There are 2 protein chains.
Amino acid sequence: MPTRVPQERRRRRPTRAGVLLSEDLIVETALRLIGEHGPEALSVRRLGTALGCDPSALYRYFHGTDDLVLAIADRIIGDAMAGFVPGDDWVAGLREMALRVRAGYLAHPRAAAFASYRVTRRENEIRAVETGIALLLSAGFAPADATRLYLTFIDTVLSHAAMDAAFQALPRQQRDADHQAWQDVYQRLDPASYPALTGVRQELHTMGNSSFEEAVELLLEALAGRAPARRAPEPDPHSSN
Amino acid sequence: MPTRVPQERRRRRPTRAGVLLSEDLIVETALRLIGEHGPEALSVRRLGTALGCDPSALYRYFHGTDDLVLAIADRIIGDAMAGFVPGDDWVAGLREMALRVRAGYLAHPRAAAFASYRVTRRENEIRAVETGIALLLSAGFAPADATRLYLTFIDTVLSHAAMDAAFQALPRQQRDADHQAWQDVYQRLDPASYPALTGVRQELHTMGNSSFEEAVELLLEALAGRAPARRAPEPDPHSSN
DNA sequence: TCCTTGCGTCAATCCTGTTGACATAAGGCG
DNA sequence: CGCCTTATGTCAACAGGATTGACGCAAGGA
């Protein structure tokens with residue numbers, strides 16, 4: 001098997017084009033490719049061309065496309081959560097968490113769409129769970145409620161973000177077609193068969209947008225409504241979190 | 001262009017293997033293929049083999065792979081919503097809609113992964129949108145609000161259902177491992193570094209469950225809280241706006 | 001200086017979707 | 001009943017995808 005992927009490299013040999021390959025360089029180039037030419041531009045052949053090396057050279061660094069995508073996803077998670085420190089307001093804290101996760105996913109949709117199905121169990125994820133549950137505990141929820149509600153919160157955020165990312169990862173043609181559908185197909189419906197849709201015809205263009213923020217706001221509203229301590233401007237029953 | 005996809009077929013001609021092709025048969029075979037051998041098993045060539053016809057024959061029925069995918073997604077929606085007639089209670093109606101969609105996705109876990117974020121533009125989807133928006137209009141929401149909130153509702157339902165389906169589609173080994181993680185990794189954390197997680201240690205087993213119902217309930221709670229007319233059993237000031 | 005070996009390159013294999021040309025039979029119509 | 005149109009299944013070909021085994025260059029230790 002020619003695919004070995006060692007952990008450290010000592011002997012570096014430039015490609016014919018004079019580039020020194022490395023795992024970091026490959027991941028960065030892949031992200032640049034996706035950013036510049038859309039998610040569908042990422043293929044082993046194109047990546048090889050962009051790097052100035054033979055496509056098969058990448059198999060010295062990654063076992064296959066999956067491995068490469070996971071490496072990219074790993075980097076995205078790290079970047080998204082970097083430097084996040086929640087403040088006193090638990091609602092604001094959860095909101096920023098949600099937006100950060102989504103921004104990280106949307107920045108690299110194809111990788112996110114692929115990786116959102118998996119659970120990492122790594123340090124970044126554990127820290128995020130700690131942060132989120134701490135926020136809900138600080139809101140006054142009992143441990144059982146805080147745990148269950150955190151699960152609901154993060155699942156909503158992750159699944160919505162994954163959905164947005166998956167949509168972004170579609171080829172531009174299909175994305176535009178899906179978007180256009182709300183102004184084409186849905187505008188020409190028979191009013192007798194579809195009275196409700198006819199009544200909101202003017203508003204259907206919003207169906208092409210993302211509902212992420214609204215979903216998060218509705219969820220936070222419901223959480224705030226369920227929180228046992230409605231007023232807590234004194235956020236310090238000893239260990240503040 | 002050989003791809004024309006007429007709406008009705010009069011002349012049916014059996015394939016060399018003696019099969020009478022039809023859009024329904026193709027979609028059903030595709031779902032069976034995906035269910036048996038995973039989403040990556042769906043290719044035009046394999047589908048042709050499974051149907052006993054030349055791969056290119058499928059282009060008489062679908063404009064391309066994307067069109068086929070949309071047809072599959074729409075079939076799942078149609079099966080899920082078949083026979084659903086909402087009653088008076090709009091909250092109950094949305095709840096049942098959510099549960100139906102989820103059940104439909106869980107019935108085809110591997111297809112759900114790529115079908116959940118598409119706009120099918122087909123009849124079953126249109127009918128579902130009509131039903132949902134009618135429910136929100138009956139709750140007293142203005143057209144713009146009803147449209148936006150329906151989008152939020154259905155996106156939450158779809159993305160959560162897709163996530164559940166993706167988890168179901170994992171091999172049992174991996175599923176069990178994810179479940180077990182909450183009782184392994186997360187039980188052995190350093191209390192000083194992870195005080196919140198340590199405090200809810202007893203409850204973490206619930207993290208392996210689905211949060212679908214809770215997410216829907218929270219969303220419905222928030223919607224009920226925003227509904228303009230709390231009590232409106234008289235729903236007919238004719239042209240509601 | 002030489003020998004090992006990491007690793008970039010090449011060529012080949014087997015997939016994929018898609019399409020233009022072709023053939024054949026279904027079914028309307030005389 | 002038979003012909004003719006044409007819908008539709010088949011075939012062959014093309015472009016581009018992932019992946020891999022063989023090859024050979026050159027980096028670096030000895």
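Predicted, not measured: the structure shown is a model, and the values here were computed from it.
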May I have the distance from [X] (atom [atom1]) to [N] (atom [atom2]), rounded to whole angstrom?
X         : N       : atom1 : atom2 : answer
Gln174(A) : dG17(C) : CD    : P     : 13 Å
Glu40(B)  : dT16(C) : CD    : P     : 11 Å
Leu47(A)  : dT9(C)  : CG    : P     : 13 Å
Leu58(A)  : dA18(D) : CG    : C1'   : 11 Å
Arg16(B)  : dT8(D)  : CZ    : C1'   : 14 Å
Asp54(B)  : dT19(C) : CG    : C1'   : 12 Å
Asp66(B)  : dT16(C) : CG    : P     : 18 Å
Glu23(A)  : dG8(C)  : CD    : C1'   : 17 Å

Handout entry: Qualifying salt bridge (Lys or Arg N to Asp or Glu O under 4.0 Å) pairs with a residue from residues 202-215 of chain A, counting only residues at least two apart or across chains
Key = Arg102(A)-Glu213(A), Glu214(A)-Arg148(B), Glu214(A)-Arg226(B)

Between [X] and [N], is there a contact of a side-chain N or O with OP1 or OP2 at under 4.0 Å?
X        : N       : answer
Ser43(B) : dC15(C) : no
Arg45(B) : dC14(C) : no
Tyr59(A) : dG21(D) : no

Practice task
Ignoring the backbone of Leu21(A), work out which of dT19(D), dT16(C), dG8(C) is nearest its side chain.
Solution key: dG8(C)

Practice task
Report the residues that fulfil ring-ring contact (aromatic ring centres under 6.0 Å, His included) with Tyr186(A), sequence neighbours left out, ordered by chain and then residue number.
Solution key: Trp182(A)

Exercise for the section: Under the salt bridge (charged side-chain N to carboxylate O under 4.0 Å, His left out) rule, collect the residues that match up with Arg45(A), sequence neighbours excluded. Expected result: none

Problem - Partners passing salt bridge (charged side-chain N to carboxylate O under 4.0 Å, His left out) against Arg175(A) (at least two apart in sequence or in another chain) - result: none

For nucleotides 22-24 of chain C, print each protein N/O atom paired with a nucleotide N/O atom at under 3.5 Å, atom names and distance only.
| residue | atom | partner | partner atom | Å |
| --- | --- | --- | --- | --- |
| dT24(C) | O4' | Arg13(B) | NH2 | 3.3 |
| dT24(C) | O2 | Arg13(B) | NH1 | 2.7 |
| dT24(C) | O2 | Arg13(B) | NH2 | 3.4 |

Handout entry: Residue mapping more 5' on DNA chain C - nearest nucleotide basis, Val19(A) or Leu42(B)
Key = Val19(A)

Handout entry: Intermediate values then yes/no, side-chain hydrogen bond (donor to acceptor under 3.5 Å, both in side chains), Asp54(B) and Ser56(B)
Key = CA-CA 5 Å; Asp54(B) 190 271; Ser56(B) 63; 2.6 Å; yes

Exercise for the section: Select from Ala17(B) and Arg46(A) the residue whose nearest nucleotide in DNA chain D is closer to the 5' end of that strand. Expected result: Ala17(B)

Exercise for the section: Report the C-alpha separation of Phe62(B) and Val69(B) in whole Å, then their side-chain angles, then the decisive distance to 0.1 Å, and conclude whether the side-chain contact (heavy atoms from CB on, under 4.5 Å) test is met. Expected result: CA-CA 10 Å; Phe62(B) 301 98; Val69(B) 167; over 6 Å; no

Problem - Results of side-chain hydrogen bond (donor to acceptor under 3.5 Å, both in side chains) for Ser43(B) - residues two or more places apart only - result: none

Problem - base_contact_polar (dC10(C) base, Ser56(A) side chain, donor-acceptor, <3.5 Å) - result: yes

